[in-house]
2 protein chains.
Amino acid sequence: METGNKTTGVRVRIVLTPDVALGPGKADLLEGIAESGSIAAAGRRMKMSYKRAWMLVEEMNRVFREPLVLSARGGSKGGSAQLTPTGQTVLENYRRLQDRVAEAGQGEIGAIRALTRDMSDGK
Amino acid sequence: METGNKTTGVRVRIVLTPDVALGPGKADLLEGIAESGSIAAAGRRMKMSYKRAWMLVEEMNRVFREPLVLSARGGSKGGSAQLTPTGQTVLENYRRLQDRVAEAGQGEIGAIRALTRDMSDGK
DNA sequence: ATTCGATATGTTCGGCCGGGAATATCGCAA
DNA sequence: TTGCGATATTCCCGGCCGAACATATCGAAT
């Protein structure tokens, strides 16, 4: 289905500035916006408050040279949001990064997981 | 110098259980313990309170089948700590994972960074 | 003009996470 | 046997983060 699961596997974060990073959360948010055409809907989908979703979008739009998300107020639907070409590029590259990481690191990840205690056996 | 820098590049976290993960922080802590032979010293080195360092160690020792760190109280130096073979294996695999991720993802990471606004020149 | 739903933004409030201090315990060495 | 330094553990407290409310604003459609 979709990637970037939180409760298992590996998570990748690109540290862009000392206090701004791009990880699974923002990537999923971008994807949700692209699919739903709305910041609010994307936020609801991942059980995130609109305020927080909007703050993440605002943060992303700040750190990149061009905004990743364009939003519009008003209209028949009340408003809308969509990814810019830059936003699509960032999302695509992040998803590809996730895939490559999962593949390139499967040996090490497996080696580490094999040493963990829970699940795998009964309990 | 050393790996696993926090303020730049990419960070990898292996989610082991819904609320326990292995990331750069714990890896650096393991490395510090291996080098200093002390939880307290490793914590000081990375400006982390002893309490927090000890809690992280305790957490790691719990999620893995065998402890990653063995600690001893008393003695001429007051006490000591060292990595078990399992601990060394985990640390080695994590470091190798970091390297592989950095290499395998350099294209995507570069593509994303190239779109950011700040510091792209030397600095 | 009124309605509607989403964007945009401020404010408040509670939880919880981590730091710091305090305390106990251990074992070797002097 | 006393001292030392690190491990082990508890308690308190302030700060920060996010949730939840509360508004304000916009624009197309009715």
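Residue numbers start from 1 in every chain, and the chains themselves are labelled A, B, ... in the order their sequence lines are given, proteins ahead of strands.
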How long is the line joining [atom1] of [X] and [atom2] of [N], in whole Å?
X     : N      : atom1 : atom2 : answer
B:K47 : C:dG18 : NZ    : C1'   : 17 Å
B:Y50 : C:dG18 : OH    : C1'   : 16 Å
A:W54 : C:dT11 : CH2   : P     : 14 Å
B:L56 : C:dG19 : CG    : C1'   : 14 Å
A:Q82 : C:dT7  : CD    : C1'   : 14 Å

Restricting to non-hydrogen atoms, name the atom on [X] and the atom on [Y] that form the minimum distance, rounded to 0.1 Å.
X     : Y     : result
A:R13 : A:G23 : CG-CA, 3.9 Å
B:Y94 : B:P24 : OH-N, 3.0 Å
B:L22 : B:M60 : CD1-SD, 4.4 Å
B:A21 : B:V15 : CB-CA, 4.1 Å

**Study point:** Contacting residues from residues 32-46 of chain A, given that a heavy atom lies under 4.0 angstrom of DNA chain D
**Key:**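 Here the set is empty: none.
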
Practice item. On DNA chain D, check which nucleotide each of A:R52 and B:S71 is closest to and give me the residue with the more 5' one. Key: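 It is B:S71, whose closest nucleotide lies nearer the 5' terminus.
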
Point to revise | Start and end of chain B contact along DNA chain D [non-hydrogen atoms, under 4.0 Å] | key: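 Answer, 5' to 3': D:dG5 to D:dC11.
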
Exercise for review: Indicate for each nucleotide in nucleotides 25-30 of chain C, in 5' to 3' sequence, whether protein heavy atoms under 4.0 Å reach the base (B), only the sugar-phosphate (S), or nothing (-).
Suggested key: BBBSS-

Check your understanding: Has the side chain of B:K51 got a donor or acceptor that lies under 3.5 Å from a partner of the other kind on the base of C:dG18?
Key -> no

Review point. With sequence neighbours left out, which residue pairs that include part of residues 32-47 of chain B fulfil the salt bridge (charged side-chain N to carboxylate O under 4.0 Å, His left out) condition?
Key: B:E35-B:R45

Practice item. Take B:L30 and B:K26 through the test side-chain contact (heavy atoms from CB on, under 4.5 Å) and record every step on the way to the result. Key: CA-CA 6 Å; B:L30 286 181; B:K26 291 207 185 88; 5.5 Å; no

Exercise for review: Work out how much the helix from C:dA1-D:dT30 to C:dA30-D:dT1 bends between its end axes, five pairs an end, to the nearest 10 degrees.
Suggested key: 0°

**Study point:** Side-chain (A:R65) to main-chain (B:A114) donor-acceptor, under 3.5 angstrom
**Key:**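 Such a contact is found between A:R65 side chain and B:A114 backbone.
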
Check your understanding: Atom CZ of B:R113 and atom CG of A:N93: how far apart are they, to the nearest 0.5 Å?
Key -> 13.0 Å

Could you tabulate the donor-acceptor pairs under 3.5 Å formed by side-chain atoms of residues 66-76 of chain A, not counting sequence neighbours?
none

